[in-house]
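All of these numbers come straight from a predicted model, not from anything done at the bench. Hydrogens, waters and symmetry mates are skipped; everything else that's a heavy atom, side chains included, is used.
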There are 2 protein chains.
Amino acid sequence: MHLFWEHGYEATSLAMLREAMGLTPPQIYNAFTDKETLFRKALTRYHETEIGFALDALSAPVPTREAIRRLLQGAAEAYSRPGKPGGCLFVSGALAASPQAQAIADELKAYRKASEAAIAERLAKGQAASDLPEGFSVESFAKYIAGVMNGMSIQARDGASADELRIMAQTALAALPPEEQKRGA
Amino acid sequence: MHLFWEHGYEATSLAMLREAMGLTPPQIYNAFTDKETLFRKALTRYHETEIGFALDALSAPVPTREAIRRLLQGAAEAYSRPGKPGGCLFVSGALAASPQAQAIADELKAYRKASEAAIAERLAKGQAASDLPEGFSVESFAKYIAGVMNGMSIQARDGASADELRIMAQTALAALPPEEQKRGA
DNA sequence: TAGGTTTCGTATCGATCACTATGGATAACT
DNA sequence: AGTTATCCATAGTGATCGATACGAAACCTA
């Protein structure tokens, strides 16, 4: 998983995987069928072990603004963990791919779209609860938040520290409309 | 250039380049020495022909906030031009690379760092001209703006329209402190 | 302990990578 | 016109890709 995270799907060779896992090629193919299946296994593992902060943030019983704040701060942490590759596997895994790996690139794109959709869903919930103004465009803002997280992923890959990412998250949050008074019945 | 832009450095094979340029391999090597040199040629061409908006925005004699607005809106346009690959070559070219292509990845990273530095320089100028508050951290905000642009690049690659990118740019701009009154002498 | 079976690592498969040597066709000069 | 020289596309180089066939070793059964 770390190799795919660091080098992306195509640039990670079986020789690297073999050395890292201490397995012979037939063992790898017995266990994972082929490289593509192995990558998908790594994706689900990444989703389960590294991305929990996102679900936690979006499902926490807190005001919308606080949920988004937790989401961005969580990303700042997750994208800069010591001993782990910088950024997000969903971004680094295959941003640009050869025609043969188009299926992998599309799958990662689907993960990113799903993240954006989850944010939009949380924002819509916030709007329903009057946490957000009525004229507020849920889809547009979700695209902004998801985009900022993708940008943080690249900044992390370029060496940004956890502190720098936290500040970037805080700055991004300033674009959110200020907490609104609950509109009473 | 379009091939590298679309598929990235490593995933673009000489066979694809050969077909696209209508040249035989020896012609390519006579003209460009090797693949790496060809890619660097494409990089400088991209910088000259597609990225002019950035220099224009940062050097225009306008208030700082307006300069940043032009920068982000220009990115929205440049990253979603019909007939061109989505996003920015500096991001898509080699975000994740094999160990052999580390030099290329480092060069692209240097381009991204240079963009961020240019933004920081413009912000510092704005601070000196009292366009921005004194406590304002130029470096942090430059990292945010550069990060947002990188994020827009990924959103564009994921199919975001020019309008959607423009809205994202507008949203990001809201994080900038409001225009300050000039502190008179 | 002998035989049969299964497992497992080495050595290699065809395909493709970036790159280049060579033969044939063209051009140039006397 | 004849001879030489120059160019240039085809064909192929070693290396590496993802994926596997085969021989040896180990193990279970008789």
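- A heavy atom lying under 4.0 Å from DNA chain D marks the following residues of residues 7-26 of chain A, by number: A/Thr12, A/Ser13, A/Leu14, A/Pro25, A/Pro26.
- Close approach of DNA chain D to chain A, defined as any atom under 4.0 Å from a non-hydrogen atom of the protein, starts and stops at D/dC17 to D/dA21.
- Under a 4.5 Å side-chain heavy-atom cut-off, the cluster of Ile, Leu, Val, Met, Phe, Trp and Tyr residues that includes A/Val91 is completed by A/Leu95, A/Ile154, B/Val91, B/Leu95, B/Ile154.
- In this structure A/Glu107 satisfies the side chain to side chain donor-acceptor pair (under 3.5 Å) test together with A/Arg40, sequence neighbours excluded.
- Residue-environment remark: CD (B/Glu121) stays at or below the threshold of 12 foreign heavy atoms within 6.0 Å.
- At a cut-off of 3.5 Å, with distance as the only test, no side-chain donor of B/Asp131 or B/Gln127 sits close to an acceptor on the other residue.
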Apply salt bridge (Lys or Arg N to Asp or Glu O under 4.0 Å) to the pair B/Arg70 and B/Glu66, showing each step before the final yes or no. CA-CA 6 Å; B/Arg70 290 189 188 186; B/Glu66 169 64 12; 2.9 Å; yes
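- Taking a cutoff of 4.0 Å between a charged side-chain nitrogen and a carboxylate oxygen, A/Lys109 and B/Asp158 do not qualify as a salt bridge.
- For the 3.5 Å distance criterion, the side chains of B/Asp34 and B/Thr37 qualify, holding a donor opposite an acceptor.
- A/Ser98 and A/Glu10 form a side-chain donor-acceptor contact under 3.5 Å, judged by distance and modelled atom types alone.
- The ring pair (Phe, Tyr, Trp, His ring centres under 6.0 Å) contacts involving residues 14-50 of chain B comprise B/Phe4-B/Phe39, B/Trp5-B/Tyr46, B/Tyr9-B/Phe39, B/Tyr46-B/Phe90, where partners must be two or more places apart or lie in separate chains.
- For DNA chain D, the residues of residues 27-40 of chain A within the heavy-atom distance limit of 4.0 Å (strictly under) are A/Tyr29, A/Asp34, A/Lys35, sorted by number.
- Using modelled atom types, one finds a donor on one side chain and an acceptor on the other under 3.5 Å when comparing A/Thr64 with A/Arg122.
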